[in-house]
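Please read all numbers here as calculations on a predicted model, not as lab measurements. Per chain, numbering begins at 1; letters A, B, ... match sequence-line order.
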2 protein chains.
Amino acid sequence: MGHQHATGEELHTTVGRRLRAAQMRYSRSRHAVVEVLAADARPLTLPEILIQGVERGLAQSSAYRNLNELAEAGVVRRVTAGDDHTRFELHESLTGHHHHLECTGCGRLDDFEVSDEFEAGIEALVVSATQRGFVVDAHRFDLLGRCVACAQ
Amino acid sequence: MGHQHATGEELHTTVGRRLRAAQMRYSRSRHAVVEVLAADARPLTLPEILIQGVERGLAQSSAYRNLNELAEAGVVRRVTAGDDHTRFELHESLTGHHHHLECTGCGRLDDFEVSDEFEAGIEALVVSATQRGFVVDAHRFDLLGRCVACAQ
DNA sequence: CTTCCTGCAAAAGTTTTGCATTAAC
DNA sequence: GTTAATGCAAAACTTTTGCAGGAAG
């Protein structure tokens, strides 16, 4: 939903290609990680990934290792939020550029897309930062508040 | 620089008032934490705070405790970034609203102010999120890239 | 003086790593 | 068959907590 890759097959083909280009194998546990991440349009914590991954034979240490390796290969992106857990989502080159709604109650993040006008406005800020000698690669924009469940 | 409180005395008076209102004491170690945070216009990690704080008799466990308590009292704000360390800065009610430049090389964050037009553009997004049932309290906007030192 | 805060050391929680075994190609 | 990836258990780190002693008001 809202992903650039409509079918899972297409996604796995792309990921497989990208891993092979990095001399990495598309093993069963990496496949499981990608599958779990693709199932939700929001970043997941390691415990969340494990719940669904364990039944596909995914061990905790492999999950951590896979996520780091997949991030290095440009398949996964680390997402840092307000609580103790690092979160992970598929890379924007696979799902499209988006931002997040972060619930300060339960910690949950949901994907959130913004208007093109807003994205264009960011460009002016990039110029300003560049003038300070900062080389801009990306940006992060989140709205913080209460999700539907936590708003009571 | 860019802070609402020009003098340190004014800052400590405000902080002291805010703590007393919360039935908390402005102890020596809380004073040290505030002083260290006020000295830099960027969020600091706990190790960074300790380096300067130790010589003022600041213990690690007290630093963590103070930072959490000061955050609860609205004097300090937790800032989450890309690495393993939580960062802390003075609350925006003391320093003014701002955003951050985050270096993906060394992890450093620096304060960054944006135009009023950009801030106004965020309001439209808040409306959009509200329509999804999300109650917005705040926002976070960071530019990610390489700081002057890491850009080579 | 009474209550809150501190410091130490131990515990808790998340993430990483060493190494023998297994799976991918 | 080779080489890379896995799984287990142990280690490394960051952050929190219990409790006796000390400081703030």
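On a pure distance criterion of 3.5 Å, a polar donor-acceptor pair joins the side chain of A:R25 and the base of D:dT3. Evaluation of atom-type donor-acceptor distances gives a pair under 3.5 Å for the side chain of B:S61 against the base of C:dC8. In this model, no side-chain donor or acceptor of B:R20 finds a partner on the base of D:dG25 within 3.5 Å.
Which of D:dT6, C:dC25, D:dT16 sits closest to the side chain of A:Y26 comes down to C:dC25.
The phosphate of C:dT16 (OP1 or OP2) has no side-chain N or O of A:Y64 nearer than 4.0 angstrom. Residue B:R30 places at least one side-chain N or O closer than 4.0 Å to OP1 or OP2 of C:dC5. OP1 and OP2 of C:dC5 both lie 4.0 Å or more from every side-chain N or O belonging to B:S62. Residue B:S29 places at least one side-chain N or O closer than 4.0 Å to OP1 or OP2 of C:dT6. Between B:H85 and D:dT15 there is a side-chain N or O to OP1 or OP2 distance below 4.0 Å. The side chain of B:N68 contributes no N or O atom lying less than 4.0 Å from OP1 or OP2 of D:dT15. Between D:dA4 and A:S27, no contact under 4.0 Å exists linking OP1 or OP2 to a side-chain N or O.
Regarding B:Q60, its CD atom lies at a distance of 11 Å from the C1' atom of C:dG7, rounded to whole Å. D:dG7 atom P lies 7 Å from atom CG of A:L58, rounded to whole Å. Atom P of nucleotide C:dA24 and atom NE2 of A:H12 are separated by 15 Å, given to the nearest angstrom. One atom, CG of B:D83, and another, P of C:dT14, lie 18 Å apart when rounded to the nearest Å. Regarding A:L19, its CG atom lies at a distance of 13 Å from the C1' atom of D:dA4, rounded to whole Å. At whole-Å resolution of the value, CD1 in B:I49 and P in D:dT15 are 10 Å apart. What separates CZ of B:R56 from C1' of C:dC5 is a distance of 19 Å, to the nearest Å. We find that CG of A:N66 is positioned 12 Å from C1' of D:dA4, with the value rounded to whole Å.
Mapping B:Q23 and B:R28 onto DNA chain C by nearest heavy atom places B:Q23 at the nucleotide closer to the 5' end. In terms of position along DNA chain D, the nucleotide closest to B:P47 lies nearer the 5' end than the nucleotide closest to the other residue of the pair B:P47 and B:R65.
With A:H100 contributing its side chain and A:E102 its backbone, the two residues share no donor-acceptor pair below 3.5 Å.
Distance CE/B:M24 to CG/B:L19: 5.0 Å, rounded to 0.5 Å.
B:H99 and A:H139 share no donor-acceptor pair across their side chains, judged by distance under 3.5 Å alone. Checked by atom type, the side-chain pair B:H97/B:E92 shows a donor-acceptor distance below 3.5 Å.
Contact annotation: the side chain of B:R20 never approaches that of B:Y26 to less than 4.5 Å [non-hydrogen atoms, C-beta and beyond]. Between B:T86 and B:T45, every side-chain heavy-atom pair lies at or beyond the 4.5 Å cut-off.
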